[in-house]
Protein chains: 4
Amino acid sequence: MRRSTSAQTEKAKARGRGPSLEKTARTRDAIIAAALQEFLEKGFADTTMEAVARRADIAKGTPYRYFPTKDALFEGVVRQRVAGALVEVNAANRAPGETVLAFLRRTMVPAMHDVERKGRAAIARLVLTEGARFPVLVDIYRREMFDPLLVELRALLQAARDEGELKSGVLVEHPDLLIAPIWYGIVHNELLHRRRKVDIGELFEVNLDLLFRR
Amino acid sequence: MRRSTSAQTEKAKARGRGPSLEKTARTRDAIIAAALQEFLEKGFADTTMEAVARRADIAKGTPYRYFPTKDALFEGVVRQRVAGALVEVNAANRAPGETVLAFLRRTMVPAMHDVERKGRAAIARLVLTEGARFPVLVDIYRREMFDPLLVELRALLQAARDEGELKSGVLVEHPDLLIAPIWYGIVHNELLHRRRKVDIGELFEVNLDLLFRR
Amino acid sequence: MRRSTSAQTEKAKARGRGPSLEKTARTRDAIIAAALQEFLEKGFADTTMEAVARRADIAKGTPYRYFPTKDALFEGVVRQRVAGALVEVNAANRAPGETVLAFLRRTMVPAMHDVERKGRAAIARLVLTEGARFPVLVDIYRREMFDPLLVELRALLQAARDEGELKSGVLVEHPDLLIAPIWYGIVHNELLHRRRKVDIGELFEVNLDLLFRR
Amino acid sequence: MRRSTSAQTEKAKARGRGPSLEKTARTRDAIIAAALQEFLEKGFADTTMEAVARRADIAKGTPYRYFPTKDALFEGVVRQRVAGALVEVNAANRAPGETVLAFLRRTMVPAMHDVERKGRAAIARLVLTEGARFPVLVDIYRREMFDPLLVELRALLQAARDEGELKSGVLVEHPDLLIAPIWYGIVHNELLHRRRKVDIGELFEVNLDLLFRR
DNA sequence: TATGAATGAGTATTCATTCAT
DNA sequence: GATGAATGAATACTCATTCAT
């Protein structure tokens with residue numbers, strides 16, 4: 001545990017990524033993981049830095065070596081999770097001859113089933129419940145998740161219209177209607193009816209079918 | 001902050017200390033109004049009792065004469081607003097010969113336009129953002145607003161199905177799809193895109209038309 | 001209940017002691033009684049003026065018509081009780097030919113038995129527990145109860161010495177030793193062993209006999 | 001208040017913030033000492049945590065690192081003092097051939113003189129004045145000090161009776177009479193006559209002699 | 001780098017007291 | 001006189017943050 005500092009530094013320099021750096025990264029991850037759990041369970045205001053440290057099994061002062069303030073920690077946590085989540089729908093990936101409906105079914109429906117399993121719904125909830133206090137989070141979320149998805153959807157719906165798959169152009173004007181059930185599901189499952197959850201994937205699919213019906 | 005000092009002084013003098021039913025009611029209303037504003041603007045955690053009192057133009061201790069704790073004040077405020085909001089859709093009010101689609105258009109669409117104007121969206125947001133800390137509020141909201149609306153919608157959709165207005169029974173199974181755009185709109189306007197709002201009424205209407213389309 | 005004010009005043013003046021004065025005195029007594037109970041049960045610090053008023057079945061502001069402050073109320077309560085308690089032992093009352101021991105037995109022992117029954121021990125306890133905060137109370141108690149008793153006892157012991165009933169003069173120097181068991185009993189019963197009380201009268205008597213033994 | 005500002009500043013600088021067992025112990029001692037002084041001077045209710053901290057020359061929040069509440073601080077302080085005070089009289093220590101009277105004189109009388117000097121009378125007073133609010137303290141006091149002493153005394157008096165030193169068995173029934181003057185002295189000196197104190201040791205001794213007189 | 005003792009600003013809550021009715 | 005709504009000073013307690021070790 002107690003090697004001479006110089007020896008440690010040399011080693012680190014020699015490898016370019018010494019054990020201390022690795023440990024540092026591990027500590028950082030532990031802090032983020034612990035903080036996320038706490039924020040999800042208690043919300044920002046009721047989460048204490050001490051609880052985060054305890055959960056990460058480190059000292060109370062250590063998180064401050066990685067994040068200057070509690071606010072920064074929160075932002076860092078959410079930023080990481082949001083940045084890590086890629087948009088699942090990319091119009092460019094549509095197979096030749098594949099209808100838009102088929103494409104959306106193929107890509108979005110499985111993604112929906114992942115929404116809750118991979119904790120994305122929980123992150124979305126956090127952005128919703130704490131967004132008023134942290135506009136940055138909302139900005140990030142919008143930029144990384146919300147807006148890109150709408151852009152893709154709009155393009156897809158435009159293609160569907162152009163290719164005659166959609167009779168009317170109204171959906172092109174309101175791509176929101178495709179994702180409304182998702183948000184409804186998040187609100188329902190995460191905030192309003194935590195016991196009796198709806199199946200977001202199914203809801204999305206049924207809605208999709210109805211909207212694309214001729 | 002927003003009043004001239006002299007106006008404040010006059011008010012203070014006007015507000016007496018003696019017993020008076022009228023005064024009591026007025027004070028209570030002032031507290032509730034002030035508290036609601038503060039809670040909406042700052043959230044529960046960042047609202048101080050002192051700020052509420054200041055906003056209501058009363059002394060720091062006065063709110064405690066009406067609500068024993070900050071929690072109780074919050075609950076009281078939200079409870080009052082939620083209880084006061086009646087569900088606008090009552091299947092029994094459908095005019096003879098009126099289609100379900102026409103009925104929903106007639107009743108829901110104007111209600112949607114009221115959602116934001118009358119502050120109901122704001123209350124919904126508060127229930128969403130603080131519901132984790134105050135499960136009672138979620139219970140109330142569900143009991144008074146959410147569940148009753150779904151019940152009515154389900155009955156209407158069943159009628160639409162029975163009367164041949166709907167070809168498929170899938171909507172009867174998922175009345176949620178009718179209100180999904182509303183929640184999407186609330187989330188969008190109140191939490192995600194406070195600058196660029198969507199028109200919840202229009203969204204609801206377009207969605208309605210698409211879902212009822214033959 | 002609602003007579004004209006003037007009629008009431010006239011009546012009061014006519015009798016010289018009208019019903020309002022009588023009622024006033026009754027209210028005052030109710031306040032004192034209620035306050036004493038509260039102070040005994042909760043101590044000064046934990047007694048609220050509101051609790052006193054509630055117990056006296058009057059409004060919160062009414063006690064202030066009789067006592068300007070809570071301190072004054074406390075002082076008034078104790079003062080009244082202490083002043084009302086006469087010293088039981090008066091050397092002048094000794095019957096001709098009666099030994100001092102016999103006299104003390106005749107007068108003190110029954111008084112001791114009253115100490116607890118009539119709430120004097122409770123008052124003494126209140127003076128002990130709150131005396132540090134209210135030196136006035138201690139002064140009153142000393143002046144009205146403590147010192148006079150010692151004076152009488154000293155005189156009696158001197159007489160006993162002069163009349164040969166006591167062989168030694170040591171008790172004359174320490175009349176305290178006669179009352180020590182009383183205070184011990186008060187401390188024991190009121191503060192240390194509220195469940196298993198000692199019989200103060202018996203303790204006093206046994207001690208008396210031992211001290212007067214030849 | 002009692003220190004020059006510069007002295008205070010120096011101290012503050014000397015007190016570091018880092019972990020240190022020695023510092024911890026010193027801080028804890030400072031808190032307990034300061035709290036005891038405050039409680040003795042003001043009583044529990046009138047002692048503020050801020051005053052304790054100021055007296056200990058630490059920050060307002062520091063005492064809470066050692067005692068979770070004001071109640072716990074008070075209990076901790078008294079508990080420590082009561083636990084630290086051993087009963088001076090142990091029947092087993094009686095020298096062979098030593099009379100009980102001589103033994104009591106040898107052991108108790110010096111102890112009495114210590115009672116006030118070492119602050120035991122003050123602790124006893126605190127237990128008396130705050131015992132109603134803190135029954136635990138009374139329990140501790142009884143268990144550690146009061147009951148053990150009575151047990152020893154009863155044994156000694158029984159021995160004195162058995163060995164013919166006492167003619168009557170009445171004292172065996174009432175060992176309280178031996179300690180009555182002590183409590184009288186405490187009440188007198190600590191609460192009733194803080195100016196004109198009695199000599200508890202002398203009172204005890206005179207009483208002892210009178211009770212053991214043949 | 002990590003630690004955790006110490007800091008002190010911030011806040012909910014209480015309650016003696018006032019005074020218009 | 002009595003009432004009780006309103007006042008606001010006082011205070012226990014929390015917790016993000018700092019920094020000597």
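We name chains A, B, ... by the order of the sequence lines, and we start the count at 1 in each one. All values derive from a computational prediction rather than experimental measurement.
- A donor-acceptor contact shorter than 3.5 Å links the side chain of C:E130 to the backbone of C:F44.
- Taking atom CG of A:D71 as the reference point, atom P of F:dC15 lies 16 Å away to the nearest angstrom.
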Pairs: protein N or O with nucleotides 9-11 of chain F N or O, under 3.5 Å:
unit_1	atom_1	unit_2	atom_2	d
F:dA10	N6	B:K60	NZ	2.9

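- Taking atom CD1 on B:I58 and atom C1' on E:dC19, their separation rounds to 18 Å, with Å as the unit.
- Remark: A:Y66 OH to A:D29 CG distance equals 10.0 Å, nearest 0.5 Å.
- As a whole-Å value, the separation of C:E38 CD from E:dC15 P is 12 Å.
- The OG1 atom of C:T62 lies 10.0 Å from the CE atom of C:M49; values are rounded to the nearest 0.5 Å.
- The side chain of B:T27 approaches F:dA6 more closely than any other nucleotide in the set E:dA2, F:dG1, F:dA6.
- The side-chain heavy atoms of A:R125 and A:T129, taken from C-beta on, include a pair separated by under 4.5 Å.
- When the side-chain nitrogen and oxygen atoms of A:R65 are compared with OP1 and OP2 of E:dT1, none of them lie within a distance under 4.0 Å.
- Atom CD1 in A:I31 sits about 15 Å away from atom P in F:dA16, given to the nearest Å.
- At the phosphate of E:dA5, neither OP1 nor OP2 sits under 4.0 Å from any side-chain N or O atom of D:T62.
- Annotation: side chain of D:R79 is in contact with side chain of D:V136 (closest heavy-atom distance under 4.5 Å).
- Within the structure, a side-chain polar atom (N or O) of A:Y66 is placed less than 4.0 Å from OP1 or OP2 of E:dA2.
- Going from atom CZ of C:F44 over to atom P of E:dC15 covers 13 Å, rounded to whole Å.
- Taking atom OH on D:Y64 and atom P on E:dG10, their separation rounds to 18 Å, with Å as the unit.
- Without hydrogens or angle criteria, A:K70 side chain to A:T47 main chain gives a donor-acceptor distance under 3.5 Å.
- Note that CD1 of D:I31 and CD of D:E38 are 13.0 Å apart. Values are rounded to the nearest 0.5 Å.
- Between A:L126 and the options A:L40, A:V77, A:V82, a side chain to side chain contact (heavy atoms under 4.5 Å, CB included) holds for only A:L40.
- Taken to the nearest 0.5 Å, the CG atom of A:L137 stands 11.0 Å off from the CG atom of A:L128.
- Rounded to whole Å, atom C1' of E:dA2 lies 16 Å from atom CZ of A:R28.
- Counting non-hydrogen atoms under 4.0 angstrom, A:F67 reaches nothing in the nucleic acid.
- Rounded to whole angstrom, the span from the CZ atom of D:F74 across to the C1' atom of F:dC13 amounts to 19 Å.
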5'-to-3' dot-bracket of DNA chain F (Watson-Crick, G-U; under 3.5 angstrom; crossing pairs as [ ]; | other strand): .||||||||||||||||||||
